[in-house]
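Reviewing the structure listed below.
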4 protein chains.
Amino acid sequence: MDEVRRPGRPRDAARDEAILDATREVLLRDGYAGLSMEKVAATARVGKPTIYRRWSSKATLVGDAVLHSFLTAVPGIRLPGQHITDGPAQQLTAWFRAYAEWVGDPRHAAMILALTAAAAESPHDAESLYRHHTRAQHEALVSCLRAGVTSGEFRADADLEAVADALIGSVLYQLLTRTSSASPHRTEHLLDVLLAGLRTTDR
Amino acid sequence: MDEVRRPGRPRDAARDEAILDATREVLLRDGYAGLSMEKVAATARVGKPTIYRRWSSKATLVGDAVLHSFLTAVPGIRLPGQHITDGPAQQLTAWFRAYAEWVGDPRHAAMILALTAAAAESPHDAESLYRHHTRAQHEALVSCLRAGVTSGEFRADADLEAVADALIGSVLYQLLTRTSSASPHRTEHLLDVLLAGLRTTDR
Amino acid sequence: MDEVRRPGRPRDAARDEAILDATREVLLRDGYAGLSMEKVAATARVGKPTIYRRWSSKATLVGDAVLHSFLTAVPGIRLPGQHITDGPAQQLTAWFRAYAEWVGDPRHAAMILALTAAAAESPHDAESLYRHHTRAQHEALVSCLRAGVTSGEFRADADLEAVADALIGSVLYQLLTRTSSASPHRTEHLLDVLLAGLRTTDR
Amino acid sequence: MDEVRRPGRPRDAARDEAILDATREVLLRDGYAGLSMEKVAATARVGKPTIYRRWSSKATLVGDAVLHSFLTAVPGIRLPGQHITDGPAQQLTAWFRAYAEWVGDPRHAAMILALTAAAAESPHDAESLYRHHTRAQHEALVSCLRAGVTSGEFRADADLEAVADALIGSVLYQLLTRTSSASPHRTEHLLDVLLAGLRTTDR
DNA sequence: GAGTAACCGAGACGGTACGTCATGTCTTTAG
DNA sequence: CTAAAGACATGACGTACCGTCTCGGTTACTC
């Protein structure tokens with residue numbers, strides 16, 4: 001299980017962090033369009049080859065920068081609910097509130113937009129890029145919904161993937177059309193309708 | 001209401017079409033990232049100043065190219081239903097099917113992605129850009145939903161904007177994560193759930 | 001005989017001069033090794049593509065810069081003697097003195113060294129480069145020597161090309177080994193020996 | 001007289017040879033311009049620091065590589081003639097023939113050009129570099145000429161240094177202008193003229 | 001019908017950034 | 001302390017586009 005020691009000077013892990021930090025900083029300041037590898041290198045006080053050694057393109061770099069932003073800044077978002085006392089509906093609501101709040105921060109909204117830009121810009125790696133970086137959320141949502149189906153609270157014939165798509169997609173659409181930020185109560189209203197539609201009619 | 005006649009040679013309207021066609025062609029071939037004004041000019045057999053005289057940036061050019069693609073290629077999408085015989089639910093279903101089918105064409109999917117890229121790339125003009133170009137769809141959806149509320153078929157307390165956001169957003173999310181295309185039946189399933197949630201409980 | 005007018009904006013001849021001037025300036029300051037296209041561009045206040053549009057490499061740029069230095073700065077060197085009263089020997093002496101004096105200026109010495117570096121650096125274009133830029137001198141020397149043969153002053157069996165090679169080559173060798181500059185009297189002494197060797201023995 | 005034993009692992013003398021060999025190999029293949037420390041290191045299967053530990057720059061490395069080429073490949077060139085039976089004129093002729101023949105080999109011509117490039121590239125170390133590596137030849141020539149003066153065969157007032165400069169310089173000039181190689185008979189013709197010019201008039 | 005003013009294509013211009021390569025130094029493990 | 005390997009900051013490479021400009025030439029109104 002030991003890592004194989006390659007010859008030569010090992011990569012400095014501190015550079016990775018510096019580069020990702022710089023990427024986020026530039027992203028916030030100038031947006032995805034205004035982000036250049038040169039700026040990132042200068043901000044991180046790092047040579048360009050040091051960046052290219054780790055990330056082959058602007059898109060993959062931004063992808064990782066955003067992913068780290070997800071993981072480090074909002075770990076709570078990863079597991080929508082750990083208390084068994086909460087039912088799926090409450091869990092979904094809790095998650096959605098946390099997500100909306102997280103996205104409410106313009107700095108986090110900028111991360112989502114950057115990721116979206118990276119994916120939409122080059123359709124061929126869109127899937128690998130966008131999916132990979134939102135998969136955690138999507139899977140958490142689906143498993144939560146599935147728990148609701150198992151418990152009999154939700155309809156068994158509902159397409160859970162489609163519901164998860166709609167939850168994440170609606171926030172994305174709001175970010176794109178109402179830059180300021182997605183309104184928390186709007187997302188909550190959507191959840192109302194969706195939950196109503198999901199519940200088993202004979203209860 | 002007459003247009004003010006400026007002196008000098010008037011602009012050649014045929015160039016507009018040639019440029020927009022070229023833009024779509026390049027967009028399909030190389031994606032938004034691979035689109036350069038230079039390529040568009042070469043493809044349209046037009047000088048660069050001829051483009052800049054009409055569009056000030058890549059984003060606005062792409063915006064118009066996509067909008068024309070919407071308007072000319074799928075006019076049916078604009079008005080979800082003009083036959084009063086159809087109820088709101090049927091109208092929504094019809095519109096959603098048409099939309100999903102339209103987006104199913106990779107060429108049209110590329111247009112949506114390009115528009116998304118343009119908007120996500122520079123947050124400050126995201127709103128003006130993206131909203132402007134998807135507003136028609138969004139408004140049609142909302143007015144259709146509102147008709148359902150008026151007729152008593154849909155709950156009065158539902159946030160119709162949120163529902164419209166979710167419908168459009170879910171397609172967008174699918175485009176970003178499953179490049180091939182959005183699956184038509186998935187969107188249909190989502191509609192099922194949403195309609196169920198929208199319907200007045202005491203029916 | 002009219003020049004064909006190509007379409008598009010014509011090149012600005014003033015840039016050529018600015019670039020060549022900058023090249024010479026950098027050459028003097030930093031030598032051939034220290035000359036980079038980037039420095040030349042910055043010094044000439046010109047974009048890099050403007051240079052590459054005209055010269056494909058550092059070597060050809062330096063070649064032209066040195067050639068212009070020859071032509072503009074020391075036109076007298078081109079025609080070794082225009083007074084018919086002077087015999088070939090006097091003409092050679094006059095030319096050699098002028099040449100040695102010209103090369104005595106460190107700025108001109110730097111030009112010759114730069115040209116030499118450009119040629120020696122890449123053997124395949126050495127010939128086209130070096131020969132082209134020193135040909136004028138070489139031809140003038142040979143024709144002068146040939147006049148001496150015709151007039152009977154010089155031996156008919158002498159290899160005039162070899163003599164011209166030696167005259168130019170000796171200055172070059174001195175530049176390379178005694179950087180400060182070639183000593184004028186040394187070249188004059190060489191001329192003494194060569195003239196003595198060239199003269200017809202029975203005079 | 002014992003070498004001082006320094007602590008630690010001693011340098012491997014075999015590396016020196018490997019590096020110099022690699023330098024010559026790259027020089028032949030790509031010329032001085034195309035030679036990089038990286039290529040040399042790779043060709044010699046040696047780390048870059050191993051090179052920098054021994055030679056501080058590309059120029060000094062090339063200098064030594066060429067010098068070794070001189071010493072090992074054509075030892076005969078070092079001493080123009082050790083048989084007292086030959087007069088200075090014959091010795092000069094013999095040396096010149098050997099030199100011209102040696103230079104006739106394109107591999108050796110490349111060495112001279114590389115040395116020239118190294119010197120011409122940075123005027124400040126031109127002297128130390130070029131002079132050091134051609135000094136042996138130059139001194140041999142001068143001492144040979146001086147013997148001729150002592151014996152009364154050559155004029156006492158001739159500038160022997162200038163003559164030596166011309167001999168070496170003419171070969172250099174030919175290499176620069178006629179890449180293929182210097183023509184042996186041309187150098188021989190030059191020697192004819194020079195010897196004629198050197199000889200005491202009253203013979 | 002002559003001006004004139006804006007159009008058109010082509011392409012040069014000063015720039016910025018690209019992604020790659022080489023420089024010379026530093027840091028690691030191994031000998 | 002040396003050696004090989006390779007990461008590092010730096011900086012130049014030659015190319016692609018940017019958006020502006022300057023050409024010769026065209027087209028359609030205005031006088």
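Chain identifiers are assigned alphabetically (A, B, ...) following the order of the sequence lines, protein sequences preceding nucleic acid strands; residue numbering begins at 1 within each chain. These numbers come from a predicted model, not from an experiment. Atom set for the values below is all heavy atoms of this structure, side chains included, hydrogens, waters and symmetry mates excluded.
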>> Between C:Ser57 and C:Pro10, which residue's closest nucleotide on DNA chain F lies nearer the 5′ terminus?
In response: C:Ser57
Phosphate-side-chain proximity, [X] and [N], N/O vs OP1/OP2 below 4.0 Å:
{"X": "B:Arg11", "N": "F:dA28", "result": "no"}
{"X": "C:Thr50", "N": "E:dA12", "result": "no"}
{"X": "D:Arg54", "N": "F:dA3", "result": "yes"}
{"X": "A:Arg45", "N": "F:dA9", "result": "no"}

>> Reading DNA chain E from 5' onward, which residue's closest nucleotide shows up sooner: D:Ser56 or C:Pro7?
In response: C:Pro7
Under a 3.5 Å distance rule, please check whether [X] uses its side chain to pair with a backbone N or O of [Y] as donor and acceptor.
{"X": "C:Arg54", "Y": "C:Thr50", "result": "yes"}
{"X": "A:Lys58", "Y": "A:Ala118", "result": "no"}
{"X": "D:Arg24", "Y": "D:Ala65", "result": "yes"}

> Looking for any heavy atom pair under 4.0 Å, which part of the strands does D:Gly47 touch: base, sugar-phosphate only, or nothing?
Replying inline: sugar-phosphate
> Which part of the nucleic acid does C:Arg15 contact within heavy-atom distance under 4.0 Å: base, sugar-phosphate only, or nothing?
Replying inline: sugar-phosphate
>> Closest approach to the side chain of B:Lys48, judged atom by atom: which nucleotide of E:dA22, F:dG19, F:dC8 is it?
In response: F:dG19
>> From C-beta outward on C:Ser36, which listed nucleotide comes closest to its side chain: E:dC13, F:dC13, F:dT27?
In response: F:dC13
>> Side chains of A:Ser128 and A:Asp125 only: does a donor on one sit below 3.5 Å from an acceptor on the other?
In response: no
Whole-Å gap separating [atom2] ([N]) and [atom1] ([X]):
{"X": "A:Ile51", "N": "F:dC8", "atom1": "CD1", "atom2": "C1'", "result": "13 Å"}
{"X": "A:Met37", "N": "E:dT20", "atom1": "CE", "atom2": "C1'", "result": "13 Å"}
{"X": "A:Tyr52", "N": "E:dC18", "atom1": "OH", "atom2": "P", "result": "5 Å"}

> Between the base of E:dC7 and the side chain of B:Arg9, is there any donor-acceptor pair under 3.5 Å?
Replying inline: yes
